[in-house]
Amino acid sequence: MTTTVPATKRKQRTLSLRDRAVRFAEMITTPLLPADYLDIISPLRSGADLRGRIEAIHPETRDAVTVVIRPGRGWRGHTPGQYIRIGVDVDGVRQWRAYSMTSPGDRPDGCITITVKAIPDGTVSNFLVRRARAGTVIQLDQATGDFVLGEQPPAKVLFVTAGSGITPAMGMLREVVQAAGAVPDIVMVHSAPTPQDVIFAGELRMLARQGQLRLIERYTDAEGLLDIATIGDVVEDWAEREVWACGPTGLLDAAEAHWTEAGIADRLHTERFRPTVLVTGEGGSVTFSKTETTTEADGSTPLLDAGEAAGVLMPSGCRMGICFGCVAPLREGAVRDLRTGDVTTAVPGDGVLVQTCISAAAGTCDIEL
Amino acid sequence: MTGLQDRLTPEQVEEFGRELDEIRQRVVADLGKEDVEYINKIIKTQRGLEIAGRSLMYLGFFPPAWLAAVGALSASKILDNMEIGHNVMHGQYDWTRIPELNSKTFEWDTAAPGDNWRHSHNYLHHTHTNIVDKDRDVGYGILRMDADQPWHPYYLGNPVYATLLAIFFQWGVWFHDLEVDRLISGELKWSETQEVRKKMRAKAGKQIGKDYVLFPLLTGPLAPLTLAGNATANLIRNLWSFSIIFCGHFPADVETFTEEETENETRGQWYLRQILGSANISGGKLFHIMSGNLSHQIEHHLFPDIPARRYPEIAHEVRAICEKYDLPYHTGPLSRQLASVAVKICSLALPPVGYLKSLVGRHKSGDAVPESTTVDTQGQRVAA
């Protein structure tokens, strides 16, 4: 990253040989960092910001693909069921999104996979499904999430999934069927609009034929949405099973209610994909998170003025959108450019910078000042 | 000279501003992958030249290699300062959300710390373009670059100071951020500059350490040659950036403004001032890249936050708008613009025609207050 070399602590008494070498390298590459040169040659090397290279993209359905990624040396591995955040440059803009991993923990080739379904107006999902090419280097974060089977998979498992909600379950399923030892008794209830929309259909149906899985597919275009309260009709021993559910909010809310009612809520594990739908409008509540100040601002008041009126020490300059002296990170929320009317949105991790002097709140927003 | 506010009617100014806003909006909407690929390519080239320059110094005993080393290193520094540093620090690539292209954290290969420069350049210079007494780039606090700056015998040295500034330009920019003139006038307290000075010292130390100590020592017996090579590369970069920057605002026909006439400016009037106060330099594609596209100073001053590679493509539209409103569009080849700047530097070193007369007059009548005002050949208002 092109930044100034961080000030090192002077009190450090003993410096290892490596530290000395790093310091020396920083002195000769100043004002850049050694990484600025190394990244050009080897973006996936150990010690670099975590990145990955897209090795292949396999179609799954008409609107879903599996992306095979070779992670950089700094990759610490994952547990199936977890997700990763990836940063992809779409039309020049770096966009971060989270996707469940669909690969088992130890692919022989060292690669990992995510499976992405294009959602309407989804910038990143549509890019990955229709435009991304093998060879592209993307940004990665380490895997995270506790939607996992645990050290010892239980003897009886039930997956309740819908649409792309199948992705974390697929990672877990692949892990257990390829593991040595007794395969647990697994039932999967999966909903999709039509048979053609079932992601991993071939693999799932083959596992079912081999007796490693009991697969119940529900086609919602023809049969309507699954009423979770009637799960007992298709999976008689549902109450005895440890359950992992992933899909739309409606499905998960219903599942939580049903399992709670049965007094076995502790058996239900859910993973919620929260699509970043931000409500945008005129004005909103503005929080300056570092100073812990919140104020209400209307749709025509620049954030700079709103912040100053609320007593926040705002950096500023020309106050007309020229000098970028007032730029601050928009941690979360939506702002509108008062010159063009364009709305910019951000979720944590996006790293979006906004000019506070020409931006007004377009909904709730959080400015890191 | 026509005043800034008298050129266009208020309605015309508004329409003119709207037309320029339209250009901006169209380019901003079109920004994308190609812009990022372009700047990444320039960055890669610059890093490659840097490595080539530093490596070739090891063959410095062989004169052609030494020359190649100096050439590569000069080109690296010029690209870093002009097309990469200057433009990235303007926020031209903030829309990409890519940390490496972030205007807030970028640091460049010159003595002036990015943080200090961002304030003095992006804010003071770009907001107050060519307003004498407000835009500190007018004369950099050491030169008389405008007839409205009162003459003083100190300015007899104008050509000498300008030459020294060109040779040590990076240190001029470094020192410029300290705002010495405001310190002298008492507007700014010495203690208030502590933060700025700390950054100046730290950055200067690193830059000197790299070019004049570390890299020479690393070439062992060739150290004197490497030191000379690094100094030459810095000199070439200094002369080049000085030339480009001085041609941007100081050729003869470029106008300056007073604080009064720019009070309560509308956006259209602000655009107007940028056009009247800037000058382009004509040239080929490579020339534009090496100038950081500051050869399109007019377009840059209108839209400082649009990626500079876009300036050439909108230049003809801006020019057409200027023609439509009968506004000058200053441009010319580097040699002509430089000559014009040199003439200005020399002629402004001399006292205005009326200056001596007024001294004589004062001596005779004891009355120093001029009764009426006229304008001399340099456009300065002087006592009749």
Side-chain angles (χ1 to χ4, degrees), chain A residues 1-7 24-33 35-41 49 87-96 127 131 139 315-330 337 339-342 344 346 349-355 357-358, chain B residues 21 24-25 28-29 31-37 43-44 47-48 50-51 54 80 85 88-110 113-115 118-119 121-128 202-203 206-207 209-210 214-215 218 267 270 304-305:
Chain A
M1 202 171 105
T2 309
T3 48
T4 34
V5 181
F24 180 73
E26 285 172 354
M27 280 162 79
I28 64 169
T29 56
T30 188
L32 303 179
L33 292 172
D36 290 321
Y37 291 95
L38 297 173
D39 282 354
I40 292 177
I41 307 157
D49 288 345
V88 191
D89 295 351
V90 183
D91 297 326
V93 182
R94 183 154 302 169
Q95 309 270 5
W96 285 89
F127 175 82
R131 290 161 59 198
Q139 316 298 311
S316 70
C318 66
R319 309 186 86 95
M320 59 182 294
I322 296 301
C323 80
F324 280 63
C326 66
V327 163
L330 171 66
D337 186 322
R339 300 168 300 182
T340 60
D342 293 342
T344 300
D350 276 355
V352 180
L353 296 175
V354 294
Q355 293 169 273
C357 72
I358 46 93
Chain B
D21 277 339
R24 180 180 186 278
Q25 207 140 340
V28 167
L31 293 178
K33 196 173 160 218
E34 283 179 15
D35 298 275
V36 178
E37 283 173 353
I43 288 174
K44 255 190 193 175
R47 310 251 154 107
E50 180 80 15
I51 292 170
R54 302 291 182 193
D80 172 276
V88 167
M89 286 197 280
H90 257 295
Q92 292 182 0
Y93 296 92
D94 276 8
W95 57 273
T96 66
R97 306 181 182 180
I98 296 173
E100 291 85 345
L101 301 175
N102 181 325
S103 66
K104 280 257 175 262
T105 51
F106 195 89
E107 189 58 73
W108 57 354
D109 185 7
T110 183
D115 261 344
R118 273 185 276 268
H119 173 74
H121 178 84
N122 288 1
Y123 172 42
L124 296 177
H125 168 57
H126 271 271
T127 313
H128 307 307
K203 182 79 192 289
K206 282 181 191 166
Q207 290 294 117
K210 169 180 76 159
L214 270 180
F215 276 111
L218 280 173
R267 180 134 186 107
W270 183 85
D305 60 342

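Quick note on labels: first sequence line is chain A, next is B, and so on, each numbered from 1.
Contact detail for Gly325(A) and Lys104(B): the closest heavy-atom pair is O-NZ, 3.9 Å. Here the closest non-hydrogen pair linking Lys210(B) and Met27(A) is CB-O, 4.0 Å. The two atoms that bring Cys318(A) and Thr127(B) nearest to each other are CB-OG1, 3.0 Å, heavy atoms only. Contact record, Asp305(B) with Gln355(A): OD2-OE1, 4.4 Å, taken as the closest heavy-atom pair. Minimum heavy-atom separation, Thr30(A) to Lys206(B): OG1-CD, 3.5 Å.
Note: Thr96(B) leads Val36(B), Thr96(B), Leu218(B), Ile43(B) in heavy-atom pairs under 4.5 Å with chain A. Contact count against chain A (heavy-atom pairs under 4.5 Å) is highest for Arg97(B) among Lys33(B), Glu34(B), Arg97(B). Chain A forms the most heavy-atom pairs under 4.5 Å with one residue out of Ala202(B), Pro113(B), Gly32(B), and that residue is Gly32(B). The greatest number of non-hydrogen atom pairs below 4.5 Å with chain A, out of His126(B), Lys203(B), Lys44(B), Gln25(B), is found for Gln25(B).
When heavy atoms are compared at a cutoff of 4.5 Å, Asp350(A) approaches chain B by way of both its backbone and its side chain. In this structure, the portions of Ile322(A) lying under 4.5 Å from any heavy atom of chain B include both its backbone and its side chain. Interface residue Trp108(B): only backbone heavy atoms are found under 4.5 Å from chain A. Using a 4.5 Å cut-off between heavy atoms, Arg267(B) contacts chain A through its side chain alone, with no backbone atom that close. The contact between Glu50(B) and chain A is made entirely by side chain atoms (from C-beta outward), counting heavy-atom distances below 4.5 Å. Proximity to chain A (any heavy atom under 4.5 Å) is restricted, for Asp94(B), to the side chain, taken from C-beta onward. No part of Gln139(A) comes within reach of chain B, as not one of its non-hydrogen atoms sits under 4.5 angstrom from that chain.
Here the side chains of Thr340(A) and Val28(B) are not in contact, with every heavy-atom distance at 4.5 Å or above. Here the side chains of Arg339(A) and Asp21(B) are not in contact, with every heavy-atom distance at 4.5 Å or above. Side-chain contact check for Leu32(A) versus Arg47(B): some heavy-atom pair is nearer than 4.5 Å.
In this structure, Glu37(B) places its CD atom where more than 12 heavy-atom neighbours from other residues, nucleotides or ligands lie under 6.0 Å away.
Note that CH2 of Trp95(B) and CG of Asp91(A) are 8.5 Å apart. Values are rounded to the nearest 0.5 Å.
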